[in-house]
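Throughout, a chain's letter reflects where its sequence line sits, starting with A, and its residues are numbered from 1.
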Amino acid sequence: MAHDHDHHDHDHHHEGSELSDVALRVRALETVLTQKGLVDPAALDMIVDTYETKVGPRNGARVVARAWIDPAFKARLLEDGAKAIGELGYGGRGGEHIAVVENTSAVHNMVVCTLCSCYPWPVLGLPPVWYKSAPYRSRAVIDPRGVLKDFGVTLSDDVEIRVWDSTSEMRYLVLPMRPGGTEDWDEEKLADLVTRDSMIGVSQPLAPGART
Amino acid sequence: MNGAQDLGGMMGFGPVVPEKNEPAFHGRWEARVLANVIATQAIGWWTGDASRFARESLDPRFYLTRGYYEIWLAALEKILDEKKLVGDDEIAAGKALREPVQKADRIFGAHEVEAALRRGWPSARETDTAPKFAVGERVRARNMHPRTHTRLPRYARGRIGTVEAIRGCHVFPDASAHGTGPDPQWVYCVRFSARELWGEAGDPKSSVTIDAFEPYLEPA
């Protein structure tokens, strides 16, 4: 799949003047669907707003931070991910059933969807382009160590890598290891260390001091 | 189907290149494609699995060279055309030229968006049947090549793995994509060693786990 690292074709830079062919086509399709009474533009606006402003990896970071400080919550999270995540108020489309897999010093987990783009929306938001791209989807299952190197992560050869090729029915969230030196940190401060990529399993959380 | 979507294990696409500070959408049109796909699907005339099949049955040359939301757009247009809801001529004209063959008695309204997205569309279903396989059991993924939708990736077919967990009973996408669902089936989390999947090329310490519907598996 082609991807666009620099996102240079933002059509909103020239909204109304010279929209790209695909942007014009989408506008035409939406007009036809609206005229035929098949979509409600106000509902479309709300869907966009949800995924642009309300749902994102900050949700997942809060889940991870809570698991780091609350062993009972962590146990519930590993038992039934979606249910425990629901305790923090997150859930719904694209995360109806979520499994949480825990990284340890011996096991590193990494999530992919080779067939499409399944991803736990309520906790991570929409997947980034690289997650949906052919390079990641093709290599994650056959060369996970190589993919981790693309992200600047080198694991010792004796660390077991578990790749989870997810489908829509069960989506995965990685529970990364809590960084050392954070023993007296509170939940809010810990959540700042939890990156999106660390919850997909292609990087580690930030070290204390990287962002405080 | 053995379409371009089934990418696991392919080579030659180059390194993974993450984008710094990536926005949720690269242009408003991407956001509108997502919203139109969710809203039209919510009418209930076709399933998410049917949408997935529409994407993977696009010409592989198109699928492998277009961006994600272009694929979503092409698949939505294909479904709307097949169901005679919106024709290509109408998109070209930018306006409705005829009535749709089906009228929606209810569409996805603004008042229900928040609750519906929060609830989602869970695939789990009750069942009276007992699971055929047990945790710890060795199973072989069937060497099957349907021309229809399936969630069994090619790289796992014919390979032996171990049932790691039972995920419950879920709507069977192979049926649901083609209007014969829900036909719920047990789903098993099955782990394959990288050596079993890739031979000598497999990392000796790695494994790949898939969630496989019962009809994909046979005793090993």
Do [X] and [Y] make a side-chain contact, defined as non-hydrogen atoms from C-beta onward lying under 4.5 Å apart?
X      : Y      : result
B/D203 : A/D157 : no
B/S123 : A/H97  : yes
A/V48  : B/R32  : yes
A/V141 : B/W198 : yes
B/E114 : A/T50  : no
A/T114 : B/Q5   : no
B/F13  : A/R139 : no
B/R191 : A/W164 : yes

Is it the side chain or the backbone of [X] that comes within 4.5 Å of chain B heavy atoms, both, or neither?
X      : value
A/L126 : side chain
A/P144 : side chain
A/A99  : side chain
A/V159 : backbone
A/V147 : side chain
A/R162 : both
A/D45  : both

>> Which residues pass the side-chain hydrogen bond (donor to acceptor under 3.5 Å, both in side chains) test with B/Y155, not counting sequence neighbours?
In response: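 For B/Y155 the side-chain hydrogen bond (donor to acceptor under 3.5 Å, both in side chains) partners, ignoring immediate neighbours, are A/D165.
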Let me confirm one number: the [atom1]-[atom2] distance from [X] to [Y], rounded to the nearest 0.5 Å.
X      : Y      : atom1 : atom2 : value
A/L33  : B/L76  : CG    : CG    : 6.5 Å
B/R55  : A/L115 : CZ    : CG    : 12.5 Å
A/I47  : B/N36  : CD1   : CG    : 8.0 Å
B/M10  : A/I142 : CE    : CD1   : 11.0 Å
B/K205 : A/I161 : NZ    : CD1   : 10.5 Å
A/C113 : B/R151 : SG    : CZ    : 8.5 Å

> Does atom CG of A/D21 have more than 12 heavy-atom neighbours from other groups under 6.0 Å away?
Replying inline: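 Atom CG in A/D21 is not packed in, count stays at 12 or less.
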> Should we say atom NZ of A/K54 is surrounded by more than 12 heavy atoms from elsewhere, each under 6.0 Å from it?
Replying inline: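 Above 12, so yes.
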> Among residues 167-177 of chain A, which ones touch chain B with a heavy-atom distance under 4.5 Å?
Replying inline: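 Against chain B, the residues of residues 167-177 of chain A that fall inside the cut-off (heavy atoms, under 4.5 Å) are A/T167, A/S168, A/E169, A/M170, A/R171, A/Y172.
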> Just checking heavy atoms, which of residues 72-79 of chain A are less than 4.5 Å from chain B?
Replying inline: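 Against chain B, none of the residues of residues 72-79 of chain A fall inside the cut-off of heavy atoms under 4.5 Å.
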What residue in [options] has the most heavy-atom pairs under 4.5 Å with chain B?
options                        : result
A/A140, A/S117, A/G94, A/S166  : A/S117
A/T31, A/T34, A/V202, A/V39    : A/V39
A/D158, A/V107, A/D143, A/V112 : A/D158
A/D197, A/V26, A/T53           : A/V26
A/G89, A/G56, A/G86            : A/G89

> B/W29 and A/E30: side-chain contact (heavy atoms from CB on, under 4.5 Å), yes or no, with the steps?
Replying inline: CA-CA 10 Å; B/W29 69 269; A/E30 186 176 317; over 6 Å; no
Of the backbone (N, CA, C, O) and the side chain (C-beta and beyond), which part of [X] lies under 4.5 Å from a heavy atom of chain A, both, or neither?
X      : answer
B/L73  : side chain
B/V86  : both
B/A39  : both
B/A165 : neither
B/F62  : neither
B/P173 : side chain
B/T150 : backbone

>> Walk me through whether A/Q35 and B/K95 qualify under side-chain contact (heavy atoms from CB on, under 4.5 Å).
In response: CA-CA 7 Å; A/Q35 288 174 353; B/K95 60 181 183 193; 3.6 Å; yes
> Is the shortest side-chain N to carboxylate O distance from B/R28 to A/E52 below 4.0 Å?
Replying inline: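 Salt bridge: yes.
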> Looking at B/E77 and A/R25, does any basic side-chain N land under 4.0 Å from a carboxylate oxygen?
Replying inline: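 Yes, B/E77 and A/R25 are salt-bridged.
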> side-chain contact (heavy atoms from CB on, under 4.5 Å) between B/E70 and A/V22: does it pass, once the steps are laid out?
Replying inline: CA-CA 8 Å; B/E70 283 180 88; A/V22 67; 4.2 Å; yes
> Can you list the residues that meet the salt bridge (Lys or Arg N to Asp or Glu O under 4.0 Å) rule with A/R93, with sequence neighbours excluded?
Replying inline: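 Not a single residue meets the salt bridge (Lys or Arg N to Asp or Glu O under 4.0 Å) criterion with A/R93.
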Of all of [options], which one pairs up most often with chain A through heavy atoms under 4.5 Å apart?
options                     : answer
B/E56, B/E99, B/R52, B/Q102 : B/R52
B/I38, B/I43, B/V33         : B/I38
B/G168, B/C189, B/P100      : B/P100

> Stepwise, does the side-chain contact (heavy atoms from CB on, under 4.5 Å) test hold for B/V16 with A/F151?
Replying inline: CA-CA 8 Å; B/V16 182; A/F151 285 89; 3.8 Å; yes
